[in-house]
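Below, read A as the first sequence line, B as the second, and so on, with proteins coming before strands; counting in each chain starts at 1.
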Number of protein chains: 4
Amino acid sequence: MKEDTKMNIMTKATKLFAQKGFSETSISQIAKKANVGKGTIYWHFDSKEDLFFSIIKQKGKAFFDSVIKLKDSNKEPQEIIHEYIIKRVEFSDNNYDVAKMLINNNEMINRDFKEVIEKKHLEVLKVIENTIQKGIKTGVFREGNPHEYALMIINTANSANIFKDHGLKDSTEKSKAEKIFEFIMNGLKGKEDRNAEK
Amino acid sequence: MKEDTKMNIMTKATKLFAQKGFSETSISQIAKKANVGKGTIYWHFDSKEDLFFSIIKQKGKAFFDSVIKLKDSNKEPQEIIHEYIIKRVEFSDNNYDVAKMLINNNEMINRDFKEVIEKKHLEVLKVIENTIQKGIKTGVFREGNPHEYALMIINTANSANIFKDHGLKDSTEKSKAEKIFEFIMNGLKGKEDRNAEK
Amino acid sequence: MKEDTKMNIMTKATKLFAQKGFSETSISQIAKKANVGKGTIYWHFDSKEDLFFSIIKQKGKAFFDSVIKLKDSNKEPQEIIHEYIIKRVEFSDNNYDVAKMLINNNEMINRDFKEVIEKKHLEVLKVIENTIQKGIKTGVFREGNPHEYALMIINTANSANIFKDHGLKDSTEKSKAEKIFEFIMNGLKGKEDRNAEK
Amino acid sequence: MKEDTKMNIMTKATKLFAQKGFSETSISQIAKKANVGKGTIYWHFDSKEDLFFSIIKQKGKAFFDSVIKLKDSNKEPQEIIHEYIIKRVEFSDNNYDVAKMLINNNEMINRDFKEVIEKKHLEVLKVIENTIQKGIKTGVFREGNPHEYALMIINTANSANIFKDHGLKDSTEKSKAEKIFEFIMNGLKGKEDRNAEK
DNA sequence: AATGAATGAGGGTTCATTCAT
DNA sequence: GATGAATGAACCCTCATTCAT
């Protein structure tokens, strides 16, 4: 089957790109790992960049779409943020390097591709932003600029990648996502201090 | 003057490494940007890697040391966290890509160098951790695992890099650091909700 | 045909290495002479060293093996020395520089390769040495240390390379090999003197 | 003293050229070994080649001149050949690589220099040739072509270089030169055989 | 569809040479 | 006389890409 070969190449390429980055991964290495000739890769993909982008598109689309779909749910704002965190952490767990690529705006990414990604990013941002706006209105979220909050949440959630490296083990009580969510919700400040604030 | 040439190379190299990453930046490009011959770079640095590491070491040391020095201050926990955020944001503002390099464990980084960086990271982590422990004791910080909190704060602060890209403009009222600090302290949850919690 | 390209490269490289030595011959020159791209050389050989060694191995093996095979012949000692000289002269005639490389211990030759060559050299030495020992026993060769004689014969024969440069033209009567053989056998001393010796 | 610096450079350069050859020895290495700046070498010598040739000229001249002087001696032919061998062996012992350079016609040697060397070579050849001619006339040397004999003797003596590598240790009785001389004089053939010849 | 030999632009690096000091 | 920072041509080698099979 045609798709088999293509998928095989993508799978193996993903592993290599994740391990060593785009530049340090060669077509030869991918070909060897995938047990195909170098020419075969060029039959399925226009270029090394095309292969790389195909992977990001494939893996990224699932994540982005699942997040964007949240806007159509009837869930409470807090629940939506919660689910976003879960999805974001899962994405980093399963596609560490793809996630990394999507966050950093590497120069090697060509313009056309960048636009596509940027659009998706903005859609996600909008979902979070709207959610926060709704939450502020209903009083479940603190007053403030929804756009700024959205960016901060996304950025905090983006740190899931690095989070992982620093070995925050999941205790039995709460998962990594749970901890991030709670931190985003409540911050560090103690109750004493909060009471004083009032 | 000798130092002038070396510094010039480092400055221009930093800009290029920041724009395109290590692999995608060539010695020729750096030489051209710095207006020196390719050989001149090799007079001042042993290799491309050496140049790269020299930059990270130079810029990174100042940041790390200034943060580690915080442990000797008599300031209140909240104030220390506050200063850390300020320093971290400044670091990202002034050395965007150096900061990025220090966060990501790129494969190409050699072992010896990695160890040095890791040690610095752990020192910083310890400073934050101890600060939080003290804060929890005095009730200014929420109960919880200081180590986990420290990691989350650092990771959140690490996101300052990405933060910047997404154009969170500094309004007149509060600087970027201020906003991150407040977010870390208070989280997103509204007061209504907090009262309910009690 | 694959072998054609590889052989072509080796042939042209041999000519260049012979003319200018290893260091002074560049891959670009070889590629140009062989009418192939630089990359093609690296498809067929791991490195410039590998190409160089491949040539020596290929050409050297034939010579060494043909000499070592002499030990299994039933020929008289004199005849074996005779044949060795012929083969040695032929080798220098046909592969002047390969022969030169095999004699000189160039510093750049790596250890593993040197060992292989050294072993072959010792095998040849042993063949000559045993032949001389037999000849001394039967009285056809002068008394003396067979090992030392063998070394001297080989070294004298090695001079076939330089011999050639100095233009000792082959007269009608005797070939170059014949003259070397006779010189090795009889030396320079006149008969008068020899009689006196007795 | 000026000469001191120049001589120091030449001495250290000789050692390095001998160890690693012309191409593999760099001006930097020589400068370091001689404890002078790279510029200093270029003050005393026009180029790397010039330094190399200066060394060969200096060391080679002494050898060539001492050999050529033999023609003015009143010694017997045998004695002259004997002294030539001694001088040749000494030259290889003391200036292994200089001797090697003088034998091989490396392409890197420029035309002008080659001519000078070639002339010296021919002068030496003439000395040996004339000596042999005289010896043949007086019957101490075998009949034959003096020119060819001269070349063979020189080439055999040239092998002193390689001779050395193969570790022909000097026994108490005879020095390396003595053995080469005897071999040149008498050859390998046994007395039995010689008697038969008569 | 698939292959892999061939290509050449470009990469990092070395080093003989120059020149201001 | 002496220095060493600076230079750039040339080196070895890699690798994305092509194309005949």
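Nearest heavy-atom pair across N95(B) and K59(B) is ND2-CD, 3.3 Å. The two residues K48(D) and S23(D) come nearest to each other via the heavy atoms NZ-O, 3.8 Å. Between L51(C) and I30(C) the shortest heavy-atom distance is CD2-CD1, 3.9 Å.
Not counting sequence neighbours, K119(B) has no partner by the side chain to side chain donor-acceptor pair (under 3.5 Å) test. With sequence neighbours left out, the side chain to side chain donor-acceptor pair (under 3.5 Å) criterion links D50(D) to no other residue. In this view, Y42(B) satisfies the ring-ring contact (aromatic ring centres under 6.0 Å, His included) rule with no residue, not counting sequence neighbours. In this structure Q29(B) satisfies the side chain to side chain donor-acceptor pair (under 3.5 Å) test together with K20(B), sequence neighbours excluded.
Atom P of nucleotide dA6(F) and atom CE of M7(B) are separated by 14 Å, given to the nearest angstrom. As rounded to whole Å, 18 Å separates atom C1' of dT14(E) from atom CZ of F45(B). A straight line from CD1 of I41(D) to P of dT3(F) spans 10 Å, rounded to a whole angstrom. The distance from atom NZ of K6(C) to atom P of dG4(E) is 16 Å, rounded to the nearest whole Å. A straight line from CZ of F52(D) to C1' of dA16(E) spans 16 Å, rounded to a whole angstrom. A straight line from CG of D4(B) to C1' of dA6(F) spans 14 Å, rounded to a whole angstrom. dG4(F) atom C1' lies 13 Å from atom NZ of K32(D), rounded to whole Å. Atoms CD1 (I30(B)) and P (dG8(F)) sit 17 Å apart, rounded to a whole Å.
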*At under 4.0 Å between heavy atoms, which parts of nucleotides 14-21 of chain F does protein reach? Answer with one letter per nucleotide, 5' to 3': B base, S sugar-phosphate only, - none.*
B-SBB---
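Using a 4.0 Å cut-off, no side-chain N or O of T5(D) falls inside it from OP1 or OP2 of dG1(F).
Stretches of at least 3 consecutive Watson-Crick or G-U wobble pairs, with each checked distance under 3.5 Å, appear in DNA chain F as E:2-21 with F:2-21.
Looking at heavy atoms from C-beta onward, F63(A) lies out of side-chain contact with V98(A) at the 4.5 angstrom threshold.
The cationic group of K6(D) lies under 6.0 Å from the six-membered ring centre of F45(D) and within 45° of the ring axis, placing it in a cation-pi geometry.
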